[in-house]
S.K.: 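My questions will all concern the structure given below.
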Amino acid sequence: MNPFDLLPPGLKKRLIRWLEDNRGLVIVLFCLPASFIFDTGLSLYKWFQRTLLSAPERHDARVRQIQRRVGDWNKQDAASRRPMCTSRPNWLSLSTTFFKKSECHRIPVDLYDILHLDTERMVVRVEPMVTVGDITRYLIPRGYTLAVTLEISDATCGGLALGVGMTTYSHRVGLYQETIVSYDVVLGDGSLVRATADNEHKDLYYCLPWSHGTLGFLVALELQIIPVKQFVHMRYIPVRGQKQYCDRMRELSGALDKDAKLPDYLEATVFDRDSAVIMVGNFAKVDTPEKAAKVNHVTRWYKPWFYKHVETFLTKGESDEYIPLRDYLLRHNRAIFWVLESMIPFGNHPVFRLFLGWLCPPKPAFLKFTTTPGIRAMTFSKQVFQDIVLPMTVLEESIDLSEKLFDTYPVLIYPCRIYDHGPSNRGQLRSPKSDQICPGANYGMFYDLGVYGTPGPVRRKRGYYNPVESMRAMEAFIRKVGGYSFLYADIFLTEEEFNEMFDLEAYNRARKMYHAEGAFPRLYEKVRPEVDVVKIGNEYAQAE
Ligand SMILES: Cc1cc2nc3c(=O)[nH]c(=O)nc-3n(C[C@H](O)[C@H](O)[C@H](O)COP(=O)(O)OP(=O)(O)OC[C@H]3O[C@@H](n4cnc5c(N)ncnc54)[C@H](O)[C@@H]3O)c2cc1C
């Protein structure tokens with residue numbers, strides 16, 4: 001029972017209003033310290049796991065144990081057994097949804113080890129629960145990083161593989177899935193297969209990304225690595241005018257010319273419809289006193305939040321600096337892009353940063369762990385968290401639509417190749433349309449539109465905002481232009497609309513062929529929000 005329910009309705013309403021109005025204070029006084037204790041406990045546990053329990057040589061034995069458990073599930077009465085999922089608690093996942101794992105048969109997939117680094121083949125073999133934080137800590141001192149490294153340190157290599165991964169290096173190599181050399185998967189019948197792009201399981205290989213654990217249990221994967229230098233030379237280019245910054249992004253990403261010289265990293269933060277700062281990053285050495293004077297450790301606790309630092313270049317003009325690579329890769333971690341501003345409005349004040357900045361960000365796992373039904377409803381009714389894959393051809397249109405529907409800035413943009421693998425290598429993404437293909441290449445240039453924040457009318461406590469209407473209008477646009485919603489976030493799609501957005505033909509074939517029917521939930525069942533977002537969203541809209 002929710003303790004608020006014990007209060008008289010009038011008092012309950014006033015108390016909730018007070019908590020909402022003073023959210024920053026409540027978060028600083030209670031949430032941050034509690035999150036710190038929670039995080040310390042979790043980090044100690046992870047350290048224990050990494051150092052004392054780490055045993056890469058026991059990988060095969062651990063996989064056999066998973067196979068045995070799946071075998072036991074197969075011996076249950078077929079009529080009454082429930083589909084399987086991993087036993088990893090929902091609160092550890094970065095997804096905003098809470099899949100009802102209690103309705104499934106849970107199998108522990110406790111695989112946390114980095115297994116092998118092969119610098120000749122330029123691949124690293126890992127178990128699925130290795131996090132971005134773990135792998136960057138391991139690879140960077142050795143002179144490498146993953147070809148696609150997400151900015152959030154708690155994301156797991158396995159979660160990114162079976163969900164989606166896309167970063168500011170993706171205009172060079174495409175999605176995370178393009179950098180996966182092999183997947184080791186325990187299937188619904190308990191057998192173990194290795195799927196690569198050209199072996200007898202290539203049909204499975206192409207359907208595993210965006211499958212969210214509905215085709216099997218991932219037990220290991222090989223990922224491409226790239227050589228790096230220890231710094232990123234970052235150029236900040238402020239641009240006024242929407243057409244100007246959109247054109248510049250198309251040009252810099254190579255969307256117009258497949259032979260264009262590409263920067264290593266590329267992104268833009270759009271601060272309002274007509275102002276953006278484009279960030280162009282290249283691997284660099286810091287080998288002169290002039291360069292050393294320009295080094296900026298952007299992730300240190302007392303430093304301004306990264307996007308606030310970026311915003312200053314709108315007034316200061318074009319500039320550059322050198323960012324240590326790990327700082328660069330995790331630059332958005334401390335302010336969770338700009339999500340933290342809606343939680344702690346004064347969190348970027350220098351005094352706050354100096355004394356309490358080290359407590360930030362509140363751990364995503366802690367936030368999820370303490371989510372009540374009311375807070376869960378707020379995550380999609382009074383806030384927006386969406387990453388959307390769209391073709392570069394609709395860049396201007398999508399920014400205008402995002403402003404109309406959500407009225408929130410900043411907005412994140414970074415380009416990504418979407419490859420056309422041909423009709424015999426189909427996955428859940430469709431081949432880019434002919435007008436989206438980069439001239440002469442086998443890929444189209446798409447981008448991630450990241451919209452995170454509080455919609456204008458909710459922020460101003462004035463005006464009308466209906467999350468259902470806004471989200472469904474955005475999803476209709478995504479379907480119309482051949483884009484995709486990231487499935488870690490809440491979707492408002494009906495199953496029919498979902499099937500229209502994604503190409504599920506090869507996936508459905510793979511489910512039959514690889515014993516997933518009945519053994520694992522279907523994709524739509526797995527990723528749709530566990531609550532009725534349409535009903536709750538409409539109720540909240542009325543209340544505004
Ligand atoms: C504010 C914010 C911004 C974000 N921005 C980006 C972005 O720019 N780019 C980007 O790519 N992502 C972004 N994300 C998405 C986020 O990083 C994803 O959720 C990520 O894909 C993986 O998270 P995870 O490791 O918690 O995976 P999980 O959520 O744990 O896993 C993903 C799915 O795979 C299943 N699964 C995981 N491991 C296994 C296994 N071993 N066997 C079987 N099934 C398994 C899970 O059940 C789940 O369905 C953002 C998220 C947030 C909150």
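For this chain, numbers begin at 1 and follow the sequence in order. Just so you know, ligand 1 is whichever comes first in the structure, and atom 1 is the first atom listed for that ligand. Just so it is clear, the structure is predicted and the values come from calculations on it, not from any experiment.
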S.K.: Looking at ligand 1, does Phe486 have a heavy atom less than 4.0 Å from it?
M.R.: yes
S.K.: Can you find an N or O of Asp387 that's nearer than 3.5 Å to an N or O of ligand 1?
M.R.: yes
S.K.: For atom 26 (O) of ligand 1, what's the nearest protein heavy atom and its distance?
M.R.: Leu94 N, 2.7 Å
S.K.: Taking distance alone, with N or O pairs closer than 3.5 Å, would you say Val164 contacts ligand 1?
M.R.: yes
S.K.: Could you check whether any heavy atom of Cys157 sits closer than 4.0 Å to an atom of ligand 1, since that is the contact criterion I want to use?
M.R.: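 The answer is no, since Cys157 has no heavy atom less than 4.0 Å from ligand 1.
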S.K.: Does the ring of Tyr112 carry Lys46 above it, NZ/CZ under 6.0 angstrom from centre and within 45° of its axis?
M.R.: no
S.K.: Are any of the N or O atoms of Phe337 closer than 3.5 Å to those of ligand 1?
M.R.: no
S.K.: Less than 4.5 Å apart, any side-chain heavy atom of Pro415 and any of Met249?
M.R.: yes
S.K.: Check if Gly450 has a non-hydrogen atom at a distance under 4.0 Å from any atom of ligand 1.
M.R.: no
S.K.: Looking at Tyr328, I'd like to know if the NZ or CZ of Arg331 sits under 6.0 Å from its six-membered ring centre while staying within 45 degrees of the ring's axis.
M.R.: yes
S.K.: What distance separates Asp503 CG from Leu429 CG, expressed to the nearest 0.5 Å?
M.R.: 9.0 Å
S.K.: Could you tell me whether Met166 and ligand 1 have an N or O pair separated by under 3.5 Å?
M.R.: yes
S.K.: What residue and atom, counting heavy atoms only, is the protein's closest point to atom 46 (C) of ligand 1, and at what distance?
M.R.: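 Closest protein heavy atom to atom 46 (C) of ligand 1: Lys526 NZ, 3.9 Å.
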S.K.: Heavy-atom contact check, 4.0 Å cutoff: does His332 meet ligand 1?
M.R.: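 It does not, in that no heavy atom of His332 comes within the 4.0 Å cut-off of ligand 1.
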S.K.: Does any donor atom in the side chain of Arg68 or Gln65 lie under 3.5 Å from an acceptor atom in the other side chain?
M.R.: yes
S.K.: Are any of the side-chain heavy atoms of Met234 and Val280 separated by less than 4.5 Å?
M.R.: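 They are not in contact (no side-chain heavy atoms under 4.5 Å apart), so the answer is no.
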S.K.: Quick test of your reading of the structure: of Tyr176, Tyr183, Tyr488, Phe520, whose heavy atom lies closest to atom 53 (C) of ligand 1?
M.R.: Tyr488
S.K.: Are Tyr447 and Ser398 linked by a side-chain donor-acceptor pair shorter than 3.5 Å?
M.R.: yes
S.K.: When you check the side-chain N and O atoms of Asn199 and Tyr205, is any donor under 3.5 Å from an acceptor?
M.R.: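 Short answer, no.
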S.K.: Could you name the option among Cys85, Gly159, Ser170 that has the heavy atom nearest to atom 38 (N) of ligand 1?
M.R.: Gly159
S.K.: Checking side-chain polar atoms at under 3.5 Å, does Thr214 have a donor or acceptor matched by the opposite partner on Tyr507?
M.R.: yes
S.K.: State if Tyr414 counts as touching ligand 1 under the rule of any non-hydrogen atom under 4.0 Å.
M.R.: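 Tyr414 counts as a contact of ligand 1 under the 4.0 Å cut-off.
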S.K.: Give me the nearest non-hydrogen protein atom to atom 29 (O) of ligand 1 as residue plus atom name, then the distance to 0.1 Å.
M.R.: Ser93 OG, 2.7 Å
S.K.: Quick test of your reading of the structure: of Leu367, Ile336, Leu218, whose heavy atom lies closest to atom 42 (N) of ligand 1?
M.R.: Leu218
S.K.: Tell me which protein heavy atom sits closest to atom 17 (O) of ligand 1, plus the residue, atom name and distance to 0.1 Å.
M.R.: Leu150 CD2, 2.9 Å
